[in-house]
Amino acid sequence: MGYRVVMVDLKEDVDDRAREISNNTGSFCIGRVTDVSDYLAVKNLASSLDDAENFSKLDVIVNNAGVNLDSLFENMSYEQWDRVLKVDLYSMFNVTKNLLPKMIENGHGSIVNISSMSWMGNVGQANYAAAKAGVIGLTKTLSKELARHKIRVNAICPGFIDTPMTRAVPEKYRARFIERIPLRRVGEPLDVANLVGFLVSEEAAYITGEVINVSGGLVM
Ligand SMILES: NC(=O)c1ccc[n+]([C@@H]2O[C@H](COP(=O)([O-])OP(=O)(O)OC[C@H]3O[C@@H](n4cnc5c(N)ncnc54)[C@H](O)[C@@H]3O)[C@@H](O)[C@H]2O)c1
């Protein structure tokens with residue numbers, strides 16, 4: 001879409017992956033290793049971008065990092081609760097808070113927050129559901145607060161998407177899941193990415209505060 005992209009991940013090879021994307025697509029993409037659950041680390045990242053070439057302007061933020069550490073609530077440890085809330089919800093505060101001034105200065109922008117259909121409640125995911133429901137409250141509030149700066153804020157709730165997060169699900173559960181999906185297949189990362197692309201584009205200029213499912217009809 002012509003954006004200059006900074007990809008952020010905990011993984012040490014993020015810059016290599018970013019360069020691979022650059023090489024394959026001809027777009028400009030760099031990677032930075034940062035723990036988005038760590039406020040100070042994100043603050044440092046934001047200041048370092050001020051100095052990086054051609055990153056004075058910010059059009060788009062996609063808050064996508066997430067982990068799940070599932071367990072029934074009775075067995076859930078404080079550490080499981082804390083980690084999931086920090087990565088899946090606090091990260092949205094950390095990133096948006098530290099980068100927003102640049103977007104406000106820019107005079108327009110679009111933020112897309114990745115929630116999950118689990119926000120409605122899912123057995124074994126009290127931590128994840130609480131974080132993902134929080135993402136929706138944050139999205140709707142920011143959409144109201146930031147409209148005056150011409151910044152739109154929307155959330156996406158993916159259903160069952162084929163990524164490393166879901167590859168750990170045993171085959172028999174996966175098959176049972178697919179039976180419940182009206183489109184009878186798991187989603188691909190591109191199914192979600194295509195909606196991100198639309199939401200940040202000018203075609204979505206009148207859409208803000210929305211929560212959109214990408215679930216093959218599993219959630220309506
Ligand atoms: N895969 C699904 O079916 C599904 C469904 C609903 C929602 N989601 C959401 O989609 C988003 C992407 O998930 P995915 O399926 O691609 O998972 P994934 O595990 O494949 O990718 C998540 C990425 O986040 C990174 N990450 C984790 N903690 C981080 C941190 N503290 N700082 C920086 N990076 C960190 C990981 O290294 C990883 O590259 C998540 O928010 C997830 O909750 C996924």
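For the atom pair His149 NE2 and Leu142 CG, the distance stands at 11.0 Å (nearest 0.5 Å). One distance of note links CD1 of Ile161 with CZ of Arg167; it measures 11.5 Å at 0.5 Å rounding. Note that OG of Ser116 is 6.5 Å distant from CD of Gln125, once rounded to the nearest 0.5 Å. Taking OH of Tyr78 as the start and CG of Asn127 as the end, the distance is 12.5 Å to the nearest 0.5 Å. Atom CZ in Arg184 sits 9.5 Å away from atom CD1 in Ile178 (nearest 0.5 Å). Expressed to the nearest 0.5 Å, how far CG of Leu85 lies from NZ of Lys132 amounts to 11.0 Å.
One hydrophobic cluster, built from ILVMFWY side chains closer than 4.5 Å, holds both Met1 and Val5. Residues Ile111 and Ile207 fall into different hydrophobic clusters, defined by Ile, Leu, Val, Met, Phe, Trp and Tyr side chains chained together at heavy-atom separations under 4.5 Å.
Of all the heavy atoms in Ser115 and Val135, the pair that sits closest is CB-CG1, 3.9 Å. Minimum interatomic distance between Ile136 and Cys157 (heavy atoms only, all atoms of both residues): CD1-SG, 4.1 Å. Considering all non-hydrogen atoms of both residues, Val67 and Val87 come closest at CG2-CB, 3.8 Å. The minimum heavy-atom distance between Lys150 and Gly107, with the atom names listed, is CB-O, 3.5 Å. Summarising the geometry of Asn154 relative to Gly209, their closest heavy-atom pair is OD1-N, 3.2 Å, with the distance given to 0.1 Å. Ser22 approaches Ser27 most closely through the heavy-atom pair OG-O, 2.9 Å.
Asp38 meets the salt bridge (Lys or Arg N to Asp or Glu O under 4.0 Å) test with no other residue; sequence neighbours excluded. Legend: residues meeting ring pair (Phe, Tyr, Trp, His ring centres under 6.0 Å) with Phe73, ordered by chain and number and at least two apart, are absent.
With hydrogens and angles disregarded, a donor-acceptor distance shorter than 3.5 Å links the side chain of Thr208 to the backbone of Val153. In this structure, Asn106 contributes its side chain and Lys102 its backbone to no donor-acceptor pair below 3.5 Å. No side-chain donor-acceptor contact under 3.5 Å links Thr141 to the backbone of Leu138. A donor-acceptor contact shorter than 3.5 Å links the side chain of Asp191 to the backbone of Glu188. With hydrogens and angles ignored, the 3.5 Å screen pairs no side-chain donor or acceptor of Asn63 with any backbone N or O of Asn113. Between the Arg83 side chain and the Asn68 main chain, no donor and acceptor come within less than 3.5 Å of each other. No donor-acceptor pair under 3.5 Å is formed between the side chain of Arg32 and the backbone N or O of Val8. Between the side chain of Asp35 and the backbone N or O of Ser37, at least one donor-acceptor pair lies under 3.5 Å.
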Evaluate the criterion side-chain contact (heavy atoms from CB on, under 4.5 Å) for residue pair Lys140 and Val211; output intermediate values, then yes/no.
CA-CA 9 Å; Lys140 287 183 178 287; Val211 178; 3.9 Å; yes
The test is side-chain contact (heavy atoms from CB on, under 4.5 Å); show your working for Leu100 and Ile151 and say whether it passes.
CA-CA 10 Å; Leu100 189 59; Ile151 296 173; 3.9 Å; yes
Under the criterion side-chain contact (heavy atoms from CB on, under 4.5 Å), I'd like the reasoning laid out for Leu199 against Ile156: C-alpha separation, chi angles, the key distance, then a yes or no.
CA-CA 10 Å; Leu199 286 173; Ile156 297 177; 3.9 Å; yes
Between Met7 and Ile21, is a side-chain contact (heavy atoms from CB on, under 4.5 Å) present by the stated rule, with each step listed?
CA-CA 10 Å; Met7 245 168 74; Ile21 292 171; 3.6 Å; yes
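In this structure, Thr34 and Val14 have side chains that are not in contact, with every pair of non-hydrogen atoms separated by 4.5 Å or more. Residues Tyr128 and Ser118 are in side-chain contact: their nearest non-hydrogen atoms beyond the backbone lie under 4.5 Å apart. In this structure the side chain of Tyr3 reaches within 4.5 angstrom of the side chain of Val200, judged on heavy atoms.
Remark: Tyr39 OH is packed, more than 12 non-hydrogen atoms of other residues, nucleotides or ligands lying under 6.0 Å away.
Classification of Lys57 and Asp59 as a salt-bridged pair holds, one side-chain N sitting under 4.0 Å from a carboxylate O.
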